[in-house]
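Here's a structure for you.
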Amino acid sequence: VTDHTENSGTRTTTPDAESTHGASSAITPYGGMSDKDVAHVLAFPPFNRICADLDSAKEESFRSFGKPVSVYGILKTHARLRVFRAGQFVVRRDDYGTSAFIVLEGELRVVLNPLLPPAVLGRGESKLPKWGKLFADALRNVLTPRSPDVQQLKQPPMHSLQQGEGMSPLLLDTVRDESEYDTVTLGPGAIVGEMSAIYRTPRSSSVVADQECQVLEIRWQGLRDLMDGDTELAKEIDRLYRERSLVHTISRMPIFQHIPPEATDQIMYSTFGKYDEWSADYLEQDAQERAGIVEQEEVIAEQGHYANGVHVITGGFARQCKRLGAGQQTLSYLTSGHIFGLEEALHNWKNPSEAIALQTSLRAAGYTHVFTVPTWIMEEHVFPHLDADALPGVAASGGLKGDSENPQERLREGIGEGLVEFLSENRFFNGTQTMLIDLTRCTRCDDCVRGCAAAHDGNPRFVRHGPISGNVQVANACMHCMDPVCMIGCPTGAIYREPEQGRVIIHPDTCIGCSTCSNNCPYNAIRMVATRDGEGKFVLAESGEKEGQPEYKATKCDLCINQATGPACVRSCPHDALKRVNMHDADSLIRFVSS
Amino acid sequence: MSALVRRRASGLATVAVFSGLAILAAKGYRLSLGNPSFVTGWVLMGVVLFLAAYTVRKKVPTLPLGSSRLWLQIHCYTGLFSVVLYFVHAGLRLPSGLIESTLGLLFCLVALSGIVGLFMTRLFPRRLTSKGGEVVYEAIPEHRMRLKQAADSLAEESIEHTGFTTVSRYYEEQLQSFFAGPKNYVAHLLEVAAPRRRLLREMEEKERYLNAKEKEYFTRLAEQVEEKDRLDYQYALQRTLKLWLFVHIPLTYGLLVLAGTHVLVVYVFSVAA
């Protein structure tokens, strides 16, 4: 179906991906810090508070998964020194990252308001083509179909930092101007990016080096170990988290609007499941193993236990299931903003003499971040103010009703139990634009693939192939996930979520072909494609480790972001067999299955 | 009434209304002593050109010209209307002359291939799905090769493990050709399972001469036969779904060329007259 020159079969990692992106940042690879480097880092907070010198840093006073570790060990394994030039980005807003940054020397500037233009952050701007171009492209596709993989690469911008890597001196000066931008400067000892690293949320702001500065980059595993061993650091990060994230999330949910600020200290939060490794595990599993995956998923709240709080999903996914014989029957999958255990807690508050236990279980599907609002807060500050109509959709609550008004029941009745289990086992509920094909309508004509190719210079961005349940096929196309694991660790920010419609896009001019996104994608929806120039010749790397080798770019479905007519695959299907469906919209899913 | 039934009913009703109007208009024209052939001919030509434009639309999916689904719906109903219009134009008689006869024949073939294609595109996807064993068409030869290799290996192994050549001999004589290429094309199209059943029954009958170990190999070979049969089924239906367009579209091009010639001839003769 596709004729790509691709290396998607070799899922290689580029260990030092960032170093290939220009020579402007001096990066020591993880595990490459010398004793002198470690001693240097120990002179700065918070390390100078934890250890007096190198010898004390080597004492194994910390524990990681039950094994003793030392600060020295953590730094040697999980940290590296980085030097950022003035104007260079440390983190970009909305990127996903797995590491935090501690300032050692110099200053960083956090850009709060207004937001930096997408082009500065290395992102493309979606521009609809003009009519003339639209017709010219269409005519060219008909008359001279181009060979696959031809991409006209744009010339890099003329300033010294590559696009997306940093900002020009002029823009940096503008950002420093208080009348133009609202910013905060951070000096030695300050930590940035910790929320995103630990809780796997998008970076909340862009941070740029205000002057040349030295920064310690520490992976989330190292930060987690440090937090486990150093109560003060853990407290500080907890404080920052509550202040910057938890309070805002709670206040944005109408149901919790009467919780007083002092009570938010009693709200617990935790992460379950696997951080980003779940995608690797998932890729290794076959269909049979996935069918039994529910038993391996970490339990967040168990059926039959007392409802000691209401769980609010704030990141990742959770599976709501019920014991059925020796197995677990999936009722629904919950995601950010869904609440679990509300009905039971409400029932117990109304009928204290007839208290019931949790009617279903909640399990971490991959990775889940959860707030738990204790029952006493619910009873004192939430239930007395609750208007029955204000109750959130009980896809999220205990599922006591069992009637057709209950969204879980509706979904199960509408699409069938088998399909619910299939979508859960394969974690397809992650998709907001999942390509579903009704095989009882699809004539296998591949007009969808041809349409996609026509919209992308002859390169189709998906394969009409994929797992099947009944008459529904989930095609191998980017689903524009709600929890985009592919975005974790992109060194240049080339893969980003477009703000208007939440589409996950790769900007080809900033992609350095490191394969991080392709390796992370659990659904194999990102391909590495060798780029060619206008004449069809391979574009070869001019410098770095891969000098003389073909340059690769990551490509995937972009939902025809640059087309005036929307996804070409959908519009090209003559039989109404192909749809892009938001898996969180039960009605769309039911409509697709029952149409 | 489901949305699909409603949509089809309204489509057919629209065709009926337009057909009625075309018939009445032609009759009225004739009653006023005019010759409706020029008008109906040009309308028919326009309709045929519009029907052929669907291929062009398919080649430019990025232009805002409406979805392919909508085009196909209109294409089907307009195609039906064109049949009525053809008879309004040519009358209920056999055409005479080489060009008119060929043109009439081409029109009938295009219409017929369109109707057959429509039924196939509605029936075959359901049959393919209910049979299971979905394989992308382009990957079928590779799957077939893998199945053949697996069957070959089973036959070879059976000699080594059973000490007899009964299974391998039967494989060479009866099954090797079955695994070598696509089989029972027409039977699959017509949903006839007899060839598969016959083959499996023959294998069952042979089992009485086999020992326990040989039976084990025979059972595994029978599983391969079932799988190959499913693959052949996919091949037959998917190939036919692809091939019918290679009949419908070239015939349409031929029809357009001849229709153009017909118009030219008509005008040349009318000017001469």
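Proteins get letters first, then strands, A, B, ... in listed order; numbering begins at 1 in each.
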Do you know which of A:Gln473, A:His575, A:His465, A:Arg441 has the most heavy-atom pairs under 4.5 Å to chain B?
A:His575
Donor-acceptor check, side chain of A:Arg571 to backbone of B:Gly66, threshold 3.5 angstrom: yes or no?
yes
CD/B:Glu156: more than 12 non-hydrogen atoms of other groups inside 6.0 Å:
no
Would you say that more than 12 heavy atoms from the other residues, nucleotides or ligands in this model lie under 6.0 Å from the CZ of B:Arg126, or not?
no
Do A:Gln563 and B:Leu63 have side chains that get closer than 4.5 Å, going by heavy atoms?
no
Taking every non-hydrogen atom, the tightest pair across A:Thr565 and B:Pro61
OG1-O, 4.2 Å
Residue among A:Gly451, A:Cys573, A:Cys445 with most heavy-atom pairs under 4.5 Å to chain B:
A:Cys573
To the closest 0.5 Å, what do you measure between OG (A:Ser572) and NZ (B:Lys59)?
12.5 Å
Determine which residues belonging to residues 240-257 of chain B lie within contact range of chain A, meaning some heavy atom pair is under 4.5 Å apart, and list them by number or answer 'none'.
B:Leu241, B:Lys242
Please check this pair: side chain of B:Thr129 against backbone of A:Leu439, looking for a donor-acceptor N/O pair closer than 3.5 Å.
yes
Counting only heavy atoms closer than 4.5 Å, note whether A:Asn471 contacts chain B via side chain, backbone, both or neither.
both
For the atom pair CG (A:Leu578) and CZ (B:Arg69), what is the distance rounded to the nearest 0.5 Å?
12.5 Å
Counting heavy atoms not belonging to B:Phe18, are there more than 12 under 6.0 Å from its CZ?
no
Is B:Arg127 in contact with chain A via its backbone, its side chain, both, or neither, using a 4.5 Å heavy-atom distance?
neither
More than 12 foreign heavy atoms under 6.0 Å from CZ of B:Arg146: is that the case here?
yes
With a 4.5 Å cut-off on heavy-atom pairs, point out which of B:Glu134, B:Arg57, B:Met120 contacts chain A the most.
B:Glu134
Heavy-atom cut-off 4.5 Å, strictly under: side chain, backbone, both or neither for B:Leu70 against chain A?
neither
Quick check on A:Ile468 against chain B: is it the side chain, the backbone, both or neither that has a heavy atom closer than 4.5 Å?
side chain
Distance check, rounded to the nearest 0.5 Å: A:Thr443 atom OG1 versus B:Leu123 atom CG?
12.5 Å
